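Encoded as structure tokens, the structure appears first; notes follow it.
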Amino acid sequence: MKVPLLDLSRQHAQLRKEIERAIRRVIDEGAFCGGPFVEEFETRFAAFCGAKYAIGVGSGTSALWMSLRGLDVGPGDSVITVPNTFIATAEAISMTGATPVFIDIDPQTHTMDPRKLEQAITPQTKAIIPVHLYGHPADMAAIMQIARAHGIPVVEDACQAHGALHREQIAGAMGTAGCFSFYPSKNLGAFGEAGAILTSDEALCERLRACRNHGQTQRDCHSMVGWNGRMDGIQAAVLTTKLRHLPEFIQGRRNCAERYNKGLADTGGVICPAESPHVRHVYHVYAIRTPERKALISELTAAGIGCRVHYPMPIHLQPAYASLGYGLGAFPVAEQASREILSLPIYPEMPHSHLRHVVDVVNQHAANHPGYRGDHSDD
Ligand SMILES: *Cc1c(COP(=O)(O)O)cnc(C)c1O
């Protein structure tokens, strides 16, 4: 049996007719860059998330960069984020000319540890970017409280967390701005590159709309240095179609996670992902932890099961960021996690038989390895 990490073809087979109809409308109306289909998606996505405005852009990376530009972050400033995220979070900071400052994570949720935040704030701090990693919201109540006390805007990296909840609020709609990626493999995926920014701040929204369109506020009048960061019409039409099904997609992922949690509960050798109280995790990634990752990867691979590590090298240890001078040992919780995490296959349409096969192989592994039963030193 072959069990892929992700199989988009199952979702697209179900939605093919609906999506083809939507794409045909874009072709018929010739609304390829920006335009009515993008506006329709923006309205619907903002409403879905409970934010006033959504700004459709070209990618999640672009969304992060533009949010910082919109908040006037630039050279000489610093932005606090976490080291265990996709490199784009840090790149967006660097591309504004500002410096990324990392803080360690909570060992249970793998998201920004609010207890580390206050001591990292300096007069140079111009923004904070918590990452809702794997689809589990960061502790936004605590983060927002500290940020407000210091008057620092918060940009949520919600690129993995479409529809996730923290205390009844939707990820991406809690901070000053929230950034989404619609890369095809994300929980809400386009047929190419796309992203969006949420905000309820009207002035920021105006700046962001200008920024994604070369800083243009009126025809041929450019009030700021922007970029080409527009969303395209075909992506917007695909996304509007898929957004109608997002609640089902989320439920499908949560059902898979529940089956994994039950199936692996007695294993002992691995740790299943945590879901904090007052949180709805949307499981973009189902990441277990095992001290014997290398062995488990070869056993899964031998059994035809796809798996991956998100992410094996924290950003402060990447060659691209060597100049920041952090080095090994700077963030022990994130570093330890990077050695033990392993992402198992998960997607809304994943067949039960596939999931059972994964559970069997992981349980077999745990039976042969002491795992955490022999080592409770960490967490
Ligand atoms: C995917 C992702 C991004 C970047 O989004 P793109 O659309 O690929 O540019 C940024 N941050 C996180 C956490 C992501 O998962």
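Whatever order the structure lists them in is the order used to number ligands and atoms, beginning at 1. Everything numeric in this text was worked out from a predicted model, so none of it was measured.
With hydrogens and angles disregarded, no donor-acceptor distance shorter than 3.5 Å links the side chain of D104 to the backbone of K116. Between the side chain of Y326 and the main chain of F102, a donor-acceptor pair closer than 3.5 Å is present.
Side-chain atoms of H310 and S343 include a donor-acceptor pair closer than 3.5 Å.
Contacts between S59 and ligand 1 below 4.0 angstrom, taking non-hydrogen atoms only, involve backbone and side chain alike.
Ring orientation note: the planes of H162 and F182 are tilted relative to one another, at an angle of 30° to 60°.
Rounding to the nearest 0.5 Å places CZ of F180 at 14.5 Å from OG of S59.
When only interatomic distances are considered, the shortest N/O to N/O separation between Y183 and ligand 1 does not fall below 3.5 Å. At least one N/O-N/O distance between T61 and ligand 1 falls below 3.5 Å. Some N or O of G60 is nearer than 3.5 Å to an N or O of ligand 1, by distance alone.
Look at R209 and E39 and you find no salt bridge, because none of the NZ, NE, NH1 or NH2 atoms lies under 4.0 Å from a carboxylate O.
Shown in contact with A88 at under 4.0 Å from a heavy atom are these atoms of ligand 1, numbered in order with element: 4 (C), 10 (C). In the vicinity of T85, heavy-atom distances shorter than 4.0 Å reach the ligand 1 atoms 13 (C).
Across the listed options V82, L64, V57, D157, D157 owns the non-hydrogen atom lying nearest to atom 13 (C) of ligand 1. In the candidate list Q160, E91, K186, H310, K186 is nearest to atom 2 (C) of ligand 1, counting heavy atoms.
By the neighbour-count criterion of 12 heavy atoms within 6.0 Å, atom OH of Y321 is densely surrounded, having more than that number from other residues, nucleotides or ligands.
Scanning the protein heavy atoms around atom 7 (O) of ligand 1, the nearest turns out to be S181 OG, 2.6 Å.
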